[in-house]
Amino acid sequence: MADFLKLAQPGITELSPYQPGKPTEELERELGITNIVKLASNENPLGPSPKIADELNRQIAELARYPDGSAYLLKNKLEAMTGVSPDRITVGNGSNDVLELVGRVFLGEGTESIISEHAFVVYPLVTKSVGAGLKVIPAKNHGQDLEATLAAITDQTRMIFIANPNNPTGTWITEDTLTAFLDQVRDDVIVILDEAYFEYAAGIEGYPNGLTLVDRYPNLVVTRTLSKAYGLAGLRIGYSVSNPDIADLMNRVRQPFNVNSMSLAAALIALDDQEHVDRSVAINAEGMKFLEDALSQLGLGAIPSAGNFLTVDFGRDAMPIYDALLHEGVIVRPIGVYGLPNHLRVTIGTPDENARFIDALQKVLNAA
Ligand code: PMP
């Protein structure tokens with residue numbers, strides 16, 4: 001047998017497979033526990049808009065046909081909502097797909113991207129899978145240090161990833177800090193502004209709306225998703241907004257039918273159901289407050305978060321606590337791979353789920 005490791009493209013061998021949150025069914029099988037609470041993947045605890053079900057049923061009759069590869073209706077809907085013209089929009093099978101498209105267009109051997117310590121794990125994956133170099137800037141107060149990022153730019157730098165807010169830290173940057181940074185970045189360096197959690201953060205004073213900046217900064221690519229506040233993670237749909245020239249290049253590498261017809265149809269309805277998004281954002285804000293207070297009563301601190309999750313500091317190896325929580329039927333996320341072995345990330349759930357988590361945690365900490 002050939003040594004396939006040697007045959008693999010440079011960069012690929014350095015990667016390890018993405019570790020998703022533990023599926024509920026897996027825990028059920030392993031420990032025989034039922035009534036499991038999964039707070040591990042930053043999903044919307046309310047689920048999707050209840051209005052999509054009928055439309056998805058109707059779509060079943062159309063499943064023999066290919067989807068609209070141009071996502072015409074979706075792009076028009078997004079234009080109506082945000083004022084962004086369709087030629088700036090690129091759709092993806094989740095925003096991860098869009099991140100990969102930008103990476104494939106601009107990165108390769110001899111180029112590098114810059115990310116922050118604790119940055120979302122897909123950025124190194126996108127970078128290394130195409131043989132590009134990766135520069136990691138130490139975090140400042142768990143967040144992205146944009147001044148140090150600027151200073152780290154070299155002739156090889158082709159891309160900078162900024163998650164606002166970042167997963168798993170929940171840290172965010174203000175409009176002033178962002179534009180001061182963008183003003184100084186060379187115009188041939190592509191800046192990805194990942195706004196996966198935009199809807200949750202939008203109410204925070206000074207938090208920027210990246211879509212309003214793409215005109216001013218042609219090298220800026222903003223990514224959004226329907227996986228979070230819109231509750232459609234299972235359907236995989238996201239998009240980017242960029243300069244039309246960049247969108248055109250991304251379109252060249254995009255698989256023609258990368259977003260399926262169910263997702264396109266559901267997205268149209270989900271985007272129209274602002275009430276559902278408002279409810280989701282409200283329940284998140286309440287849950288965040290409840291968890292912060294309850295954690296503080298347990299003597300635990302969390303990194304202030306603009307997302308739908310909180311990253312809790314245990315001040316010691318958090319893996320035993322993670323394991324003990326699993327035995328209580330509560331799945332959270334260990335984030336040692338993000339350089340935070342003493343922290344666990346918990347997604348904000350429904351009031352019941354949040355209470356279950358706190359009860360389980362209390363029990364686990366008392367037993368320790
Ligand atoms: N960016 C960030 C910061 C995320 O946390 C996630 C989801 N975990 C994504 C992008 C990708 O989400 P999706 O591919 O579901 O749109």
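Numbering of ligands and ligand atoms starts at 1, following listing order. Not measured: the values here are computed from a predicted model. No hydrogens, no waters, no symmetry mates; every other heavy atom, side chains included, goes into these values.
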(message) My understanding is that only residues two or more places apart in sequence, or in another chain, count here; which of them pass side chain to side chain donor-acceptor pair (under 3.5 Å) with R58?
(response)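 Side chain to side chain donor-acceptor pair (under 3.5 Å) list for R58, sorted by chain: E55.
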In terms of side-chain geometry, is the basic nitrogen of [X] or [Y] positioned less than 4.0 Å from the acidic oxygen of its partner?
X    : Y    : answer
R252 : D248 : yes
E147 : K140 : no
D293 : K289 : yes

Between ligand 1 and the protein, which N/O pairs are shorter than 3.5 Å?
unit_1: ligand 1; atom_1: 1 (N); unit_2: D194; atom_2: OD1; d: 3.2
unit_1: ligand 1; atom_1: 1 (N); unit_2: D194; atom_2: OD2; d: 2.6
unit_1: ligand 1; atom_1: 5 (O); unit_2: N167; atom_2: ND2; d: 2.7
unit_1: ligand 1; atom_1: 5 (O); unit_2: Y197; atom_2: OH; d: 2.7
unit_1: ligand 1; atom_1: 8 (N); unit_2: K228; atom_2: NZ; d: 3.4
unit_1: ligand 1; atom_1: 14 (O); unit_2: S95; atom_2: N; d: 3.2
unit_1: ligand 1; atom_1: 14 (O); unit_2: N96; atom_2: N; d: 3.0
unit_1: ligand 1; atom_1: 14 (O); unit_2: N96; atom_2: ND2; d: 3.4
unit_1: ligand 1; atom_1: 14 (O); unit_2: R236; atom_2: NH2; d: 2.7
unit_1: ligand 1; atom_1: 15 (O); unit_2: S227; atom_2: OG; d: 2.6
unit_1: ligand 1; atom_1: 15 (O); unit_2: R236; atom_2: NH1; d: 2.7
unit_1: ligand 1; atom_1: 15 (O); unit_2: R236; atom_2: NH2; d: 3.4
unit_1: ligand 1; atom_1: 16 (O); unit_2: S95; atom_2: N; d: 2.7
unit_1: ligand 1; atom_1: 16 (O); unit_2: S95; atom_2: OG; d: 2.8
unit_1: ligand 1; atom_1: 16 (O); unit_2: T225; atom_2: OG1; d: 2.5
unit_1: ligand 1; atom_1: 16 (O); unit_2: S227; atom_2: OG; d: 3.4

(request) Give a yes-or-no answer on whether the side chains of T111 and Q156 include a donor-acceptor pair shorter than 3.5 Å. (result)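 Absent: no donor and acceptor within the cut-off.
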(message) Treating N44 as the side-chain partner and L232 as the backbone partner, does any N or O pair qualify as donor plus acceptor under 3.5 Å?
(response)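 No, because the side chain of N44 does not come within donor-acceptor range (under 3.5 Å) of the backbone of L232.
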